[in-house]
Amino acid sequence: MLPPPPPPERPSASPAARTVVVAVGGNALLRGGERATVAEQFEAAARLAVPLAGLLGAGHRLLVTHGNGPQVGFIQRRSELVAPLAPELPALGLDMCVADSQGSLGYLLVSTLAGRLRAAGGPRPGVAGLLTHTVVDADDPAFARPTKPIGSVPGRGSAREPAPGGERLVPSPVPRAVLETEAVRALLAAGIAVVAGGGGGIPLVERPDGTYRGVEAVVDKDLTSALLADAVGADLLVITTGVDRVAVDFGRPGQRFLDRLDVAGARRLLAEGHFPEGSMGPKIRGALRFVTGAPGREALITSVAGLPAALAGRGGTRIRPGPAAAYAPGPPPAPAGRLP
Ligand SMILES: NC(=O)OP(=O)(O)O
């Protein structure tokens, strides 16, 4: 549970202030599915801004990260649909689509949070949206095995042969470093709320000469969120998803929701296949990476609707290290089955 510190004069002034990272799924802004209008997306972002502003009002430092799974698929489809009509317009690679999604989703999240803080009338930290780049390994095996669904219509396909309806699977390499880590740290230290790590970050690989190039991939935002949360020394990583709590045997007879998990238990359930890749798997792996990075950390998995209650200790699944945990900072581990 996150204890509310007394109202501060300045947002960063309270000794009880903690650094909180809240990861928001791309689906959270699309309640109406693919047909959600822009106005509905703003409404969803405005609802989310209420508990986020509450954290800032209580004096905590806040980093918001967000997904882009549906939106990056829409942007890519738009580019592909336009191509035969206007061949003079450049086709967009996935790195460019991720960058576009950071712009539009950053706009939604920053403008609604800034507006909520202004309307609340208390001490107002600034809110900054940061275009974020994530370095991945050029030889990550994910490039040969696409697992990340983008676009929102159920179905299965590959990046080259999309399934009917628009959803497709694309490579999702493990994030190794975020170029803007120092900037995020500096903004948080200055009491400014940050929106960063959007869509897992624009995926880059290093060229032999040390420069970067964008690649065809969508990095998992939960893993990037854990990496950033670790790097900025966060105390709490909140991962929002479509359910209020993590379940074992999800969607099967015997389904059981969990209030808390320790590291050993989470690892065992992950190994038993309760948390599939492309959904709960990266959230659990991100949470594990974060809580085992340093002592005193906690991860919380819950829904956007359940966020206010979960932050007050009345819901969600809490992941804590447990008595036998060993701490080892570093990038997120690869999922089972990947090369070391
Ligand atoms: N990039 C990413 O992981 O997005 P979602 O969380 O929306 O799938």
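Atoms within each ligand, like the ligands themselves, are counted from 1 in listed order.
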Undergrad: What atoms of ligand 1 come within less than 4.0 Å of a heavy atom belonging to Asp220?
TA: 3 (O)
Undergrad: Considering heavy atoms of the protein only, find what lies nearest to atom 5 (P) of ligand 1 and give residue, atom and distance to 0.1 Å.
TA: Gly69 N, 3.5 Å
Undergrad: Report the part of Val219 in contact with ligand 1, treating N, CA, C, O as backbone and CB onward as side chain, heavy atoms under 4.0 Å; options are side chain, backbone, both, neither.
TA: backbone
Undergrad: Determine yes or no for a side-chain-to-main-chain donor-acceptor pair under 3.5 angstrom, with Glu216 supplying the side chain and Gly93 the backbone.
TA: no
Undergrad: Does a donor on one side chain sit under 3.5 Å from an acceptor on the other, for Asp220 and Ser172?
TA: no
Undergrad: Quick one: nearest non-hydrogen protein atom to atom 4 (O) of ligand 1, plus distance?
TA: Asn68 N, 3.0 Å
Undergrad: Take Asp222 and Arg285 through the salt bridge (charged side-chain N to carboxylate O under 4.0 Å, His left out) test and state the conclusion after the steps.
TA: CA-CA 8 Å; Asp222 296 312; Arg285 285 191 292 118; over 6 Å; no
Undergrad: With heavy-atom distances below 4.0 Å as the criterion, list the atoms of ligand 1 near Gly67.
TA: 2 (C), 4 (O), 5 (P), 6 (O), 7 (O)
Undergrad: So which protein heavy atom does atom 8 (O) of ligand 1 come closest to, and at what separation?
TA: Lys148 NZ, 2.7 Å
Undergrad: Atoms of ligand 1 less than 4.0 Å from Val218 heavy atoms?
TA: 1 (N)
Undergrad: Does CZ belonging to Arg245 count more than 12 external heavy atoms closer than 6.0 Å?
TA: yes
Undergrad: Which residue is it: Ile239, Leu223, Ile319, Thr317? I am looking for the one with a side-chain contact (heavy atoms from CB on, under 4.5 Å) to Lys283.
TA: Ile239
Undergrad: For ligand 1, find out whether one of its N or O atoms is nearer than 3.5 Å to an N or O atom of Gly26.
TA: yes
Undergrad: Is there a donor-acceptor pair closer than 3.5 Å between any side-chain N or O of Thr211 and the backbone N or O of Arg207?
TA: no
Undergrad: Please report the closest heavy-atom contact between Asp140 and Val174, naming both atoms and the distance.
TA: OD2-N, 2.9 Å
Undergrad: With heavy-atom distances below 4.0 Å as the criterion, list the atoms of ligand 1 near Gly199.
TA: 1 (N)
Undergrad: Provide, to 0.1 Å, the distance between atom 6 (O) of ligand 1 and the closest protein heavy atom, together with that atom's residue and name.
TA: Lys221 NZ, 3.0 Å
